[in-house]
Structure formats: C-alpha cells, structure tokens
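One structure, as structure tokens, below. Some questions next.
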Amino acid sequence: TRASADTALGKRIDSVVATSGEGIASVNQRVDAYVAGDSLVSNGLFVTGDFTGWEPDWSGISVTQRNESSGTGAISRMPSEFTARFSNSGWDTDRWLRSEPQAVSAGDEYTISLDYAAGGGTRRVPVEVWLGLRSAGNSWSNTRVAGFTASSTSWRRSPFYSVTIPNGATQARLSISRQAGGSGEFYVTNIRAYRIDAAMASSIDTVVATANSNTAAIQSEATTRAN
C-alpha cells in the first residue's frame, strides 16, 4: 500500500542519515587530527615573528612584518602578519630556507602549497620547492617538487603539490629555494605540507561509496513507490 511504502522509504532515509552521519563524523575526526599535527612544517605562517621551526642556512633571508602604509605592494598586502623575505642582492648562488626535520613513514602522502609574491623595481625571481629525505644513518637527499618564477607584487597561491615518502626514508624536511640569478625580492608565507594517510583516504572512500549506494537505494525505492 501507499502508506507502507511511505513508511519503508522513511525508514530507509533515516538509515541513510544515521549511516552517513557516523561516517562523516569519523572522517572529520581524522581530518582534525591530521591538520593539527601531521605536517612537515610547524610555523608556516611565521607567527612567532622569527624562524622558529625553520633553518635559514644563508644570509639575506629574514622575517618581515606586514606594513599597510608601506609603498611596497607585497608588504602592504601580506596575507599574514609575518612573512619570510629573500632580499634582492644579485646572488650568484642559491639561497635556502629549510623546515626542521620531521619523522615520516614510507607511503605517507603530503600535500604542499604556499602563498608568495615578489618585490622591487624589476621582479623576476626564480623559486624552487624541494623535499629533503633521509634514511637512518645516511645523509640528506633532495627531490625537486616544483619550480616557478615570482614576478608580481600581488599575492598568489601555488598549486597543490603531492609527494609520497619512499621506502627507507625516516625523516623529511621542506625547502624553499631562491635560485641564483633573476632579480627582485621574494616573499613567502602560509607554507603548508599536510599528511594524508591511507586510513583517512580509506575512510573518505568508504563514506563516498556508502553515500552513493544509499542514494541509489532511495531512488529505487522512490521509483517503486511512485509506480
């Protein structure tokens, strides 16, 4: 009967809501945990006003505070209170800013992104992003993640770069390199390198699959009721 069909559909909808709600809550807990702690970068916004969590290995790199009255566009429009600044010194060698090493596990996947801008009269700054890896008892090896040229005083967000930790690696660090040559100052902040582990990815896949299955079931039951 129509009444029994309505009741059955109502129960099915209640079941979908309950199941999906539990799954989404589980995923949210995993996301909160991973955003809060599982990152290669501990001070990507330079909120301390210094290089806490970083290892600036060369001269010409400093932390600069936003100045809205400054005539330099990048400094006046910084997306965070502080940013790392690579000065324009006509360098003939690369300059590196490296995050402090963090423990990692083989198979971990990290998503990397950053906000950046250029400064100075002539702006053509070559920049590269590198992932450093080290296994127990061995020296560091570096893998190039991305490269781009910063040429605008307007702040931009990089694409999301994905990297996977290879077998044998036990530590990793993220490096930002202002390459030799070019001209202009380089500003960078909001540097992120968050881990997405297999368990969280599996949970997300399960929620999506369950939602798709439940949606199909509701559509089928609604069609049956309508007929």
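These numbers come from the heavy atoms of this one structure, side chains and all, not from hydrogens, waters or symmetry mates. Keep in mind that what you see is a predicted model, and the values were worked out from it rather than measured.
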Cationic N near anionic O, under 4.0 Å, Glu100 to Arg173
no
Should Ser99 and Glu55 count as side-chain neighbours, where that means a heavy-atom distance under 4.5 Å?
no
Return the set of residues passing side chain to side chain contact (heavy atoms under 4.5 Å, CB included) with Ser139 (not counting sequence neighbours), or none when no residue passes.
none
For the student: nearest non-hydrogen atoms of Ala84 and Phe51, plus distance:
CB-CE2, 4.2 Å
Of all the heavy-atom pairs spanning Asp115 and Arg157, show the shortest one and how long it is.
OD1-NE, 2.8 Å
Quick one, Thr189 with Ser80, criterion side chain to side chain donor-acceptor pair (under 3.5 Å). Give me CA distance, side-chain angles, the key distance, then yes/no.
CA-CA 7 Å; Thr189 188; Ser80 58; 2.8 Å; yes
Which heavy-atom pair separates Ser154 from Arg77 by the least distance, and what is that distance?
N-NH2, 3.9 Å
Co-members of Val47 in a cluster of I, L, V, M, F, W and Y side chains, linked at under 4.5 Å
Leu45
Got a second to check how far Leu97's CG is from Trp130's CH2, nearest 0.5 Å?
15.5 Å
Of the non-hydrogen atoms in Ala103 and Tyr110, which two are nearest, and what is the gap between them?
O-OH, 4.4 Å
What pairs of residues pass the ring-ring contact (aromatic ring centres under 6.0 Å, His included) test when at least one of them lies in residues 154-185, not counting sequence neighbours?
none
Please name the pair of heavy atoms, one in Tyr116 and one in Ala150, separated by the smallest distance, quoted to 0.1 Å.
CD1-CB, 3.9 Å
Which pairs with one or both residues in residues 128-147 pass salt bridge (Lys or Arg N to Asp or Glu O under 4.0 Å), sequence neighbours excluded?
Glu128-Arg144
Just so I know, are the side chains of Leu40 and Leu131 near enough to count as touching, which here means a heavy-atom distance under 4.5 Å?
yes
Taking the side chain from Asn88 and the backbone from Gly184, do they hold a donor-acceptor pair closer than 3.5 Å?
yes
Sequence neighbours left out, cut at 3.5 Å: what donor-acceptor pairs do the side chains of residues 118-126 make with other protein atoms?
{"from": "Arg123", "atom 1": "NE", "to": "Ser151", "atom 2": "O", "distance (Å)": "3.3"}
{"from": "Arg123", "atom 1": "NH1", "to": "Gly120", "atom 2": "O", "distance (Å)": "2.9"}

Criterion side-chain contact (heavy atoms from CB on, under 4.5 Å) on Asn43 and Trp54, from CA distance to verdict:
CA-CA 8 Å; Asn43 188 20; Trp54 293 90; 4.0 Å; yes
So do the side chains of Leu174 and Val129 get within less than 4.5 Å of each other, counting heavy atoms only?
yes
Heavy atoms of Ile191 and Val41 approach each other most closely as O-CG1, 3.6 Å
Can you tell me how far the CG atom of Asn142 sits from the CG atom of Leu133, to the nearest 0.5 Å?
8.0 Å
Working to the nearest 0.5 angstrom, can you tell me the gap between Asn190 CG and Ser158 OG?
9.0 Å
Is there a donor-acceptor contact under 3.5 Å from the side chain of Asn67 to the main chain of Ser76?
no
Any side-chain heavy atom of Trp96 within less than 4.5 Å of one from Arg178?
no
Could you check if a side-chain atom of Val104 sits within less than 4.5 angstrom of a side-chain atom of Thr170, using non-hydrogen atoms only?
no
To the closest 0.5 Å, what do you measure between OG (Ser39) and CZ (Arg195)?
10.5 Å
Salt bridge (charged side-chain N to carboxylate O under 4.0 Å, His left out) filter on Glu81, not counting sequence neighbours, yields Arg66
Between Ser113 and Thr111, is a side-chain contact (heavy atoms from CB on, under 4.5 Å) present by the stated rule, with each step listed?
CA-CA 7 Å; Ser113 64; Thr111 298; 5.9 Å; no
Please report the interatomic distance CZ(Arg95) to OG(Ser87), rounded to the nearest 0.5 Å.
8.0 Å
Could you state whether Phe148 and Ile176 fall into the same hydrophobic cluster, counting links through intermediate Ile, Leu, Val, Met, Phe, Trp or Tyr residues with side-chain heavy atoms under 4.5 angstrom apart?
yes
Phe82 side chain reached by Thr64 side chain, heavy atoms, under 4.5 Å:
no
How about Phe86 and Phe186: are their ring centroids closer than 6.0 Å?
yes
Atom CG of Asp108 and atom CD1 of Ile165: how far apart are they, to the nearest 0.5 Å?
6.5 Å
